[in-house]
Engineer: 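This structure is in structure tokens; I'll ask about it shortly.
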2 protein chains.
Amino acid sequence: MTQTPALTRNQTLVLGTLTKAGEPLSAYAILDRLREEGFRAPLQVYRALDKLLETGLVHRLDSLKAFVACSHPHEHAGETMVAFAICENCARVWEFSDSKIEARFSAWAEAEDFETRATTLEISGLCAACRAAAAAGKPGKPGPETSRR
Amino acid sequence: MTQTPALTRNQTLVLGTLTKAGEPLSAYAILDRLREEGFRAPLQVYRALDKLLETGLVHRLDSLKAFVACSHPHEHAGETMVAFAICENCARVWEFSDSKIEARFSAWAEAEDFETRATTLEISGLCAACRAAAAAGKPGKPGPETSRR
DNA sequence: AGCAATTGCGTTATGCTATAACATATGGCA
DNA sequence: TGCCATATGTTATAGCATAACGCAATTGCT
Ligand SMILES: [Zn+2]
Ligand SMILES: [Zn+2]
Ligand SMILES: [Zn+2]
Ligand SMILES: [Zn+2]
């Protein structure tokens, strides 16, 4: 069940940065926000992220090359397959799981005798708020802070 | 329906390289295999890939940062959500779609009023052949040619 | 044919993402 | 005390992707 073994200072800082941001951040964006705390090199961020990813407190979004704090520091223990919906406009992320989706993937894997180790389930698009704003002619937020140093 | 407008020389070379490889290749791996054909710069590969991705002849696997030829140059027109299973050991890729998986994602999107634009559905693990080989004590193939120049 | 617009191509330079390798420090424990 | 494991700091390097420029080929029109 991956007992959380109390976070170190760097891990706490990185997790705090992601939580406060409320949206996905690239490792380098995290680094920039932690320079005042003494961070100097990407490795300090990546090493902290490694541990946070292991314990499930943070997720990596492959489609964005960015990291996000787990929205329900729930039990990721239950083997649950987690999916993410990412708004291209406001960068908000919805983390959800659906037992039926999981069941279908498992069915495919069983039929093919494939042993699943990791999953990447991400859908990107426009959230309700952004679509409403767009319909009303408003510009909207700039997007996720990734690829922007 | 994205009429395929006849491929250019570079696009043909890149698609041929991916098809012949039969496994995912990074853009730089493709570049290396096309130097004898006159390729010099990553952009030549990326520009060809852009078009091939548009027309659905090639897919990008975010979890691998690599590209793979579509295994059934089928109609990707029908809005079908495509999923990939990737063997971590032999790098083979299974491309499949499941209307029930798609239906569940669509149901979530409709409930949240989220407009889906793109999907990344990838599961990685071990294929049947590699598991059997591992059980028999054999080493197996080295893995996908990504991150190796 | 003449001409403009589009698209593809080649090249150079640069930026973003991630890890290797080495050094130092710290804390638990035999 | 001496050993081991883990965290950390630092420098350098590898791997992935695009910006910006200029030129060439193609297309579509008059
Ligand atoms: Zn989570
Ligand atoms: Zn939004
Ligand atoms: Zn396909
Ligand atoms: Zn395999």
Side-chain angles (χ1 to χ4, degrees), chain A residues 2-15 17-18 24-55 57-68 91 120 142-149, chain B residues 2-15 17-18 24-55 57-68 91 120 142-149:
Chain A
T2 322
Q3 181 81 295
T4 48
L7 302 180
T8 67
R9 168 179 160 82
N10 285 4
Q11 289 158 23
T12 304
L13 287 169
V14 168
L15 179 57
T17 301
L18 281 175
L25 295 179
S26 75
Y28 281 77
I30 295 170
L31 173 59
D32 283 343
R33 297 182 180 207
L34 287 176
R35 295 211 184 265
E36 297 195 349
E37 306 294 339
F39 275 49
R40 293 296 155 80
L43 227 57
Q44 295 175 278
V45 176
Y46 282 109
R47 287 202 276 230
L49 286 172
D50 283 344
K51 271 292 180 303
L52 295 169
L53 291 168
E54 269 178 30
T55 56
L57 292 171
V58 163
H59 301 291
R60 181 188 148 84
L61 301 176
D62 284 325
S63 62
L64 289 184
K65 295 186 251 222
F67 304 86
V68 66
T120 300
E145 179 157 354
T146 182
S147 314
R148 217 159 6 102
R149 294 186 64 179
Chain B
T2 321
Q3 182 82 294
T4 48
L7 302 180
T8 67
R9 168 180 158 82
N10 285 5
Q11 290 158 21
T12 303
L13 287 169
V14 168
L15 179 58
T17 301
L18 282 175
L25 296 179
S26 75
Y28 280 75
I30 296 170
L31 173 59
D32 283 343
R33 296 180 180 207
L34 288 176
R35 294 212 184 265
E36 297 194 348
E37 307 292 340
F39 275 48
R40 294 297 157 80
L43 229 56
Q44 294 174 279
V45 175
Y46 282 108
R47 287 203 274 229
L49 284 172
D50 283 344
K51 270 292 180 303
L52 294 168
L53 290 167
E54 268 179 29
T55 56
L57 292 171
V58 163
H59 300 292
R60 179 187 152 85
L61 300 176
D62 283 325
S63 63
L64 289 185
K65 295 183 248 221
F67 304 86
V68 67
T120 300
E145 179 157 354
T146 181
S147 316
R148 217 163 0 106
R149 293 185 64 177

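In what follows, every heavy atom counts, from backbone to side chain, and hydrogens, waters and symmetry copies are set aside. The sequence lines fix the lettering, A, B, ..., with proteins before strands; numbering per chain opens at 1.
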Engineer: A:Leu49 has an atom CG; how far is it from atom C1' of D:dT8, in whole Å?
Structural biologist: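 Rounding to the nearest Å, CG of A:Leu49 and C1' of D:dT8 are 15 Å apart.
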Engineer: Looking at A:Tyr46, does any N or O in its side chain come under 4.0 Å of the phosphate oxygens OP1/OP2 on C:dA18?
Structural biologist: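 Checking A:Tyr46 against C:dA18: at least one side-chain N or O falls below 4.0 Å of OP1 or OP2.
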Engineer: What's the closest nucleotide to the side chain of A:Leu43 if the choices are C:dA18, D:dA7, C:dA20?
Structural biologist: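 Between C:dA18, D:dA7, C:dA20, the one nearest the side chain of A:Leu43 would be C:dA20.
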Engineer: Flag the pair A:Leu52 / A:Leu7 as yes when at least one side-chain heavy-atom distance between them is below 4.5 Å, and no otherwise.
Structural biologist: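 A:Leu52 reaches A:Leu7 side chain to side chain.
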Engineer: Could you give me the CA-CA distance, side-chain angles and deciding distance for B:Arg9 and B:Glu37, then say whether side chain to side chain contact (heavy atoms under 4.5 Å, CB included) is met?
Structural biologist: CA-CA 10 Å; B:Arg9 168 180 158 82; B:Glu37 307 292 340; 4.0 Å; yes
Engineer: Nearest to the B:Ala41 side chain among C:dT12, C:dC9, D:dT11, which nucleotide is it?
Structural biologist: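 Of C:dT12, C:dC9, D:dT11, C:dT12 is nearest to the side chain of B:Ala41.
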Engineer: With a 4.0 Å cutoff (strictly under), does any side-chain N or O of B:Thr8 reach OP1 or OP2 of C:dT7?
Structural biologist: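 For B:Thr8, the contact criterion (side-chain N or O under 4.0 Å from OP1 or OP2 of C:dT7) is not met.
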Engineer: When you measure from the side-chain N and O atoms of B:Arg60 to the phosphate of D:dA17, is any distance below 4.0 Å, counting only OP1 and OP2?
Structural biologist: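 Checking B:Arg60 against D:dA17: at least one side-chain N or O falls below 4.0 Å of OP1 or OP2.
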Engineer: Taking CG from B:Asn10 and P from C:dG8, how many angstroms apart are they, rounded to a whole number?
Structural biologist: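 Interatomic distance, CG of B:Asn10 to P of C:dG8: 11 Å.
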Engineer: Grab the CG-P distance between A:Leu31 and C:dG15 for me, whole Å please.
Structural biologist: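 After rounding, the reported distance stands at 16 Å.
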Engineer: Between B:Arg47 and B:Phe67, name the one whose nearest nucleotide on DNA chain D is closer to the 5' end.
Structural biologist: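 First, find each residue's nearest nucleotide; the 5'-ward one identifies B:Phe67.
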Engineer: Atom CG of B:Asp50 and atom P of C:dT7: how far apart are they, to the nearest Å?
Structural biologist: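 Taking CG of B:Asp50 and P of C:dT7, I get 14 Å after rounding.
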Engineer: Decide, applying a 5.5 Å centre-distance limit and a 30° plane-angle limit (both strict), whether A:Tyr28 stacks on C:dC16.
Structural biologist: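 The ring of A:Tyr28 is not stacked on C:dC16.
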Engineer: Using the rule given for side chain to side chain contact (heavy atoms under 4.5 Å, CB included), can you reason through B:Arg33 versus B:Leu25, listing the C-alpha separation, both sets of side-chain angles and the distance that settles it, and then say yes or no?
Structural biologist: CA-CA 10 Å; B:Arg33 296 180 180 207; B:Leu25 296 179; 3.9 Å; yes
Engineer: Is the distance from OP1 or OP2 of D:dT8 to the nearest side-chain N or O of A:Gln44 less than 4.0 Å?
Structural biologist: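 Negative; the distance criterion is not met.
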Engineer: Please state how far atom CZ in B:Phe39 lies from atom P in C:dC9, giving the value in whole angstrom units.
Structural biologist: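 Interatomic distance, CZ of B:Phe39 to P of C:dC9: 8 Å.
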Engineer: Measure CG/B:Leu52 against C1'/C:dT7 and give the value in whole Å, please.
Structural biologist: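 To the nearest whole Å, that distance equals 15 Å.
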Engineer: Are the side chains of A:Leu49 and A:Leu18 in touch, meaning some heavy atoms are under 4.5 Å apart?
Structural biologist: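 When only atoms from C-beta onward are counted, A:Leu18 and A:Leu49 do touch, with a gap below 4.5 Å.
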Engineer: Can you tell if the side chain of B:Phe39 reaches within under 4.5 Å of the side chain of B:Val14, non-hydrogen atoms only?
Structural biologist: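 They are in contact (side-chain heavy atoms under 4.5 Å apart), so the answer is yes.
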Engineer: Would one find a side-chain N or O of B:Lys65 under 4.0 angstrom from OP1 or OP2 of D:dA17?
Structural biologist: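 No, B:Lys65 has no side-chain N/O under 4.0 Å of OP1/OP2 on D:dA17.
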Engineer: Rounded to whole Å, how long is the line connecting atom CG of B:Leu7 with atom C1' of C:dT7?
Structural biologist: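 Between C1' of C:dT7 and CG of B:Leu7: 15 Å.
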Engineer: Could you tell me the separation between the CD1 atom of B:Ile30 and the C1' atom of D:dC16, rounded to a whole number of Å?
Structural biologist: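 Going from B:Ile30 (CD1) to D:dC16 (C1'), I get 12 Å.
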Engineer: Counting just side-chain N and O atoms, does B:Lys51 come under 4.0 Å of either OP1 or OP2 of C:dG8?
Structural biologist: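 Yes, within the criterion.
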